[in-house]
K.L.:
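Below are the structure tokens for one structure; questions will follow.
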Protein chains: 2
Amino acid sequence: MATIYEVAAAAGVSPATVSRVFNGVPVSAEKAALVRAAAAELRFTPNRTARSLRRKNAEVIALVIPDIENPYFTSLARGVEDVAQAAGYSVVLCNTDEDPGKEAKYLDIAIAENMAGVILAEADGRADLSGLIARSRPIVAVDRRTLFELDSVVLDNRAAGVAAASTLVDAGYRRIACITGPAEIDTAEERAEGWRSIVARSATPHGSEDYLRYSSFRVDGGRDAMRALLALDPAPDAVVATNNLMGVGALQVLSEAGRVPPAFGVAVIGDLPFTTLTPDATTIVRLPARDMGTTAARMLIERINGDTEPARTVVLPHEVVAATAGAPAV
Amino acid sequence: MATIYEVAAAAGVSPATVSRVFNGVPVSAEKAALVRAAAAELRFTPNRTARSLRRKNAEVIALVIPDIENPYFTSLARGVEDVAQAAGYSVVLCNTDEDPGKEAKYLDIAIAENMAGVILAEADGRADLSGLIARSRPIVAVDRRTLFELDSVVLDNRAAGVAAASTLVDAGYRRIACITGPAEIDTAEERAEGWRSIVARSATPHGSEDYLRYSSFRVDGGRDAMRALLALDPAPDAVVATNNLMGVGALQVLSEAGRVPPAFGVAVIGDLPFTTLTPDATTIVRLPARDMGTTAARMLIERINGDTEPARTVVLPHEVVAATAGAPAV
DNA sequence: CCGCCTCCTGCAATCGATTTCAGCACTGTA
DNA sequence: TACAGTGCTGAAATCGATTGCAGGAGGCGG
């Protein structure tokens, strides 16, 4: 691996000059040409580790997400990757599995590696970010807010819940349940709150809280909750699933029970990934996952480049794709 | 950020001793205790950048994959991440989008960052890995082979193709088509070859090559190919899709055309991600994506730790989940 | 023609940890 | 008592690039 010293020797200049050529600091055209020729000859690439050590700043950003196997976060990652790559940054993928311990470990690594910044979708909303903040490493919260006053890119989760539930009401369903994620995750609670505000208006025979199930944001969680809901008496005639995977789980159970939409109303917050049978009868509240990633990455890079404005919160819009069929007439 | 010098000063020892404590080199119990106390007090974490520079080896591995949004690669990534994390390595996610240019750029970065190793699912089978090899950076090829003699973790793609096609034959279908990926990707060609070897035996009215479509390994590719196949005369009565996304695309088109399995036979190589309607009538050749990731990561870490055995190739088994229903009687 | 200013350039220090080498203390043996 | 051997320890060099500082060349106005 050629170093800056070898290039300098080959070009007959000092290492400092070589460095300057590669960093856009003014150098006479003549020497610059010599350096470039020597560098090309020796296939020189600057050692990023040495650069990071000196600059105290690696061209790397950490993307900390709770579940890499969830297509929602995958799309988000894709967005981050696109922007980061274009700006010359690498992305370190940190999958926390919703485990605050793993998350903390990754945040420590971000510090130890002098990473330029962190994009964080928090596991439990209680992460200690003081270490990063003390070292003034920029952080952008994405999807979920944090305890700290930080840039964030989020959704109007309550509105998404309202949209999902009211679409079902409009379609004629009357006993609308809700399956949401762990109560300690803000997005789960906010989306459920949106649902609650709608069903509270429409009279339901059951106390509406019986129709609300907290579970995990996974397929299994959706399945378990859906089964429990179907066992109620009276059973609901529709359900809001507050994320994509729970929606999949709910639809699986409904399909097994022979109650596919529109016989049973379903609204899902988040895109159903790779659906093979286009489910026109399911309402989808589409979330701009990839946009969230690109937006967050752009904000982070601005911060890295020295932006010191007060923390901003960007709320991205969702889009409702209503089911084409309503509830069957009773 | 506390450095080793500050810890040394606080503990009344030399920086060398502090380093030794953190690297398992023998140090008297007494001084070790002093160092640990001082380190804890100062919340010291060794700076990984400095360490990498000195050791010429970062605790980071690059995972280079063509499509982060494909759940197959996501599972693989998950496997890699699990093993790497447990071994103290971070994973840098490199999404190449099947673009050899982006791939080359990422491989250069792996060199410039002194990354410990690379796990590579190649875009086009022509990557130039000589730079990494010259610097003796270990590489493990995964899913797809490379031009170089390297450790690899692959599938028996031909056998997977055979399994998919013969399951359809056994189920009673007679005009079996195949949708596969770009011809220059080995896995696409090998799986198609497996299909070809089966249909060559069973007489088909059409020349079998008409029933073979090369497309992109994406949902759209599957859709386009499936539409083209349905327009043939005679149209096939079954299809093998050689990856998960093409399978999704094919099923979407079939569903739109009202020809869902078992009316039309479908076998997919790779798991259908998050299916909402359990498609008992579709044959799935399950691929052990996550195992591939863990296996590759383990092999890579052995190499990083100095293993110098000749290159190994591990072939992981697939599993056939046959459709429960056969072809409708003619 | 002189002095000041600008623009390059090179020297050398620096980032923070690792590691070689030499020195020291101590033990056990002859 | 002397000596070889063992085991810690610290001083200092090192990894490769960046950058503050000072010096030299050349341009320009007075």
Side-chain angles (χ1 to χ4, degrees), chain A residues 1-36 38-39 42-60 88 108-116 135-137, chain B residues 1-36 38-39 42-60 88 108-116 135-137:
Chain A
M1 190 66 197
T3 72
I4 206 172
Y5 296 94
E6 301 170 50
V7 174
V13 301
S14 78
T17 300
V18 178
S19 170
R20 290 192 262 256
V21 170
F22 282 88
N23 287 284
V25 179
V27 163
S28 70
E30 183 187 10
K31 302 217 171 194
L34 282 171
V35 168
R36 274 186 230 289
L42 295 167
R43 307 175 101 267
F44 166 77
T45 321
N47 181 316
R48 284 177 165 228
T49 307
R51 167 179 293 181
S52 307
L53 176 60
R54 182 60 225 245
R55 289 221 187 127
K56 295 167 168 291
N57 188 340
E59 279 140 332
V60 170
D108 283 348
I109 291 177
I111 294 174
E113 296 244 22
N114 282 323
M115 292 188 190
R135 290 167 184 81
S136 53
R137 294 288 150 192
Chain B
M1 190 67 195
T3 74
I4 207 173
Y5 296 94
E6 301 171 50
V7 174
V13 300
S14 76
T17 299
V18 177
S19 170
R20 288 193 262 257
V21 170
F22 281 89
N23 287 283
V25 179
V27 163
S28 69
E30 184 189 12
K31 302 218 171 192
L34 282 171
V35 168
R36 273 186 230 289
L42 296 168
R43 308 177 100 268
F44 167 76
T45 320
N47 181 315
R48 284 176 165 231
T49 306
R51 166 179 293 181
S52 307
L53 176 60
R54 181 60 225 243
R55 290 221 186 129
K56 297 167 168 291
N57 188 339
E59 280 141 330
V60 171
D108 282 346
I109 292 178
I111 294 174
E113 295 245 21
N114 281 322
M115 292 190 190
R135 290 165 184 82
S136 55
R137 292 288 150 194

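Quick note on labels: first sequence line is chain A, next is B, and so on, each numbered from 1.
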K.L.:
Quick check for you: to the nearest 0.5 Å, what is the distance between Asn114(B) atom CG and Asn47(A) atom CG?
P.N.:
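If I round to the nearest 0.5 Å, the distance is 5.0 Å.
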K.L.:
At their closest point, which heavy atom of Pro46(B) faces which heavy atom of Ala112(A), and how far apart are they?
P.N.:
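Closest heavy-atom pair between Pro46(B) and Ala112(A): O-CB, 3.7 Å.
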K.L.:
Would you mind writing out the side-chain donor-acceptor pairs for residues 18-28 of chain B within the sub-3.5 Å range, not counting sequence neighbours?
P.N.:
unit_1   : atom_1 : unit_2   : atom_2 : d
Ser19(B) : OG     : Asn23(B) : ND2    : 3.4
Asn23(B) : OD1    : Arg55(B) : NH2    : 2.7
Asn23(B) : ND2    : Ser19(B) : O      : 2.7
Ser28(B) : OG     : Lys31(B) : N      : 3.4

K.L.:
Using a cut-off of 4.0 Å on non-hydrogen atoms, how would the nucleic acid contact of Arg20(A) be classed: base, sugar-phosphate, or nothing?
P.N.:
base
K.L.:
How large an angle, rounded to 10°, do the end axes of the helix from dC1(C)-dG30(D) to dA30(C)-dT1(D) enclose when each is built from five base pairs?
P.N.:
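For the helix from dC1(C)-dG30(D) to dA30(C)-dT1(D), the axes at either end differ by 50°.
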K.L.:
Both Thr17(B) and Arg55(A) contact DNA chain D. Which one's nearest nucleotide lies toward the 5' end?
P.N.:
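The residue mapped nearer the 5' terminus is Thr17(B).
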K.L.:
Contact class for Ser28(B) vs. all strands (heavy atom < 4.0 Å): base, sugar-phosphate, or nothing?
P.N.:
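Since only primed, P, OP1 and OP2 atoms lie under 4.0 Å of Ser28(B), the category is sugar-phosphate.
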K.L.:
With heavy-atom distances below 4.5 Å as the criterion, would you say the side chains of Met115(A) and Ile109(A) are in contact?
P.N.:
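A side-chain contact under 4.5 Å exists here.
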K.L.:
Please report, rounded to the nearest Å, how far the P atom of dT18(C) is from the CG atom of Asn114(B).
P.N.:
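Result: 15 Å.
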K.L.:
Check Phe44(A) against Ala2(A) and note the closest heavy-atom contact, atom names and distance.
P.N.:
CD1-O, 3.3 Å
K.L.:
Provide the start and end nucleotides, 5' to 3', of the part of DNA chain D that has atoms under 4.0 Å from heavy atoms of chain A.
P.N.:
dG16(D) to dG20(D)
K.L.:
State which residues pass salt bridge (Lys or Arg N to Asp or Glu O under 4.0 Å) with Arg51(A); sequence neighbours excluded, sorted by chain then number.
P.N.:
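Expected list: Glu59(A).
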K.L.:
If I take atom CG in residue Asn23(A) and atom C1' in nucleotide dT9(C), what distance separates them, rounded to the nearest angstrom?
P.N.:
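Result: 16 Å.
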K.L.:
Does OP1 or OP2 of dA17(C) have a side-chain N or O of Ser19(B) closer than 4.0 Å?
P.N.:
no
K.L.:
So Asp108(B) and Thr45(A), do their side chains get closer than 4.5 Å, heavy atoms only?
P.N.:
no
K.L.:
Can you confirm whether Asn57(B) sits close enough to Arg137(B) that some side-chain heavy atom of one is under 4.5 Å from a side-chain heavy atom of the other?
P.N.:
yes
K.L.:
For a quick test of reading the model, state the closest non-hydrogen atom pair linking Leu42(B) to Ala10(B) and the distance between them.
P.N.:
CD1-CB, 4.1 Å
K.L.:
Using a heavy-atom cut-off of under 4.0 Å over every strand shown, decide if Val25(A) touches base, sugar-phosphate, or nothing.
P.N.:
nothing
K.L.:
Roughly how far apart are Ser52(A) OG and Glu113(A) CD, rounded to 0.5 Å?
P.N.:
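Going from the OG atom of Ser52(A) to the CD atom of Glu113(A) covers 9.0 Å.
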K.L.:
Using whole Å, what does the distance between atom C1' of nucleotide dT18(C) and atom NZ of Lys56(B) come to?
P.N.:
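For the pair Lys56(B) NZ and dT18(C) C1', the rounded distance is 13 Å.
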K.L.:
Can you give me the N/O atom pairs linking the protein to nucleotides 24-26 of chain C at distances under 3.5 Å, or say none if there are none?
P.N.:
none

K.L.:
Could you go through nucleotides 12-14 of chain C and list every protein N or O atom that sits under 3.5 Å from one of its N or O atoms, giving the distance for each pair?
P.N.:
unit_1  : atom_1 : unit_2   : atom_2 : d
dT14(C) : O2     : Arg54(A) : NH1    : 2.7

K.L.:
Tell me which of Gly12(B) and Thr49(A) sits closer to the 5' end of DNA chain D, going by the nucleotide each one is nearest to.
P.N.:
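Checking each residue's closest nucleotide, the 5'-ward one belongs to Gly12(B).
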K.L.:
Which distance, rounded to the nearest 0.5 Å, do you find between the CG of Leu53(B) and the CG of Leu53(A)?
P.N.:
6.0 Å
K.L.:
Which atom names give the shortest non-hydrogen contact between Ala8(B) and Pro15(B), and what distance separates them?
P.N.:
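Minimum heavy-atom separation between Ala8(B) and Pro15(B): CB-N, 3.5 Å.
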K.L.:
When we call it a touch if two heavy atoms are under 4.0 Å apart, what does Val27(A) touch: a base, just sugar-phosphate, or nothing?
P.N.:
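If one applies the 4.0 Å heavy-atom cut-off, Val27(A) turns out to touch the sugar-phosphate alone, with no base involved.
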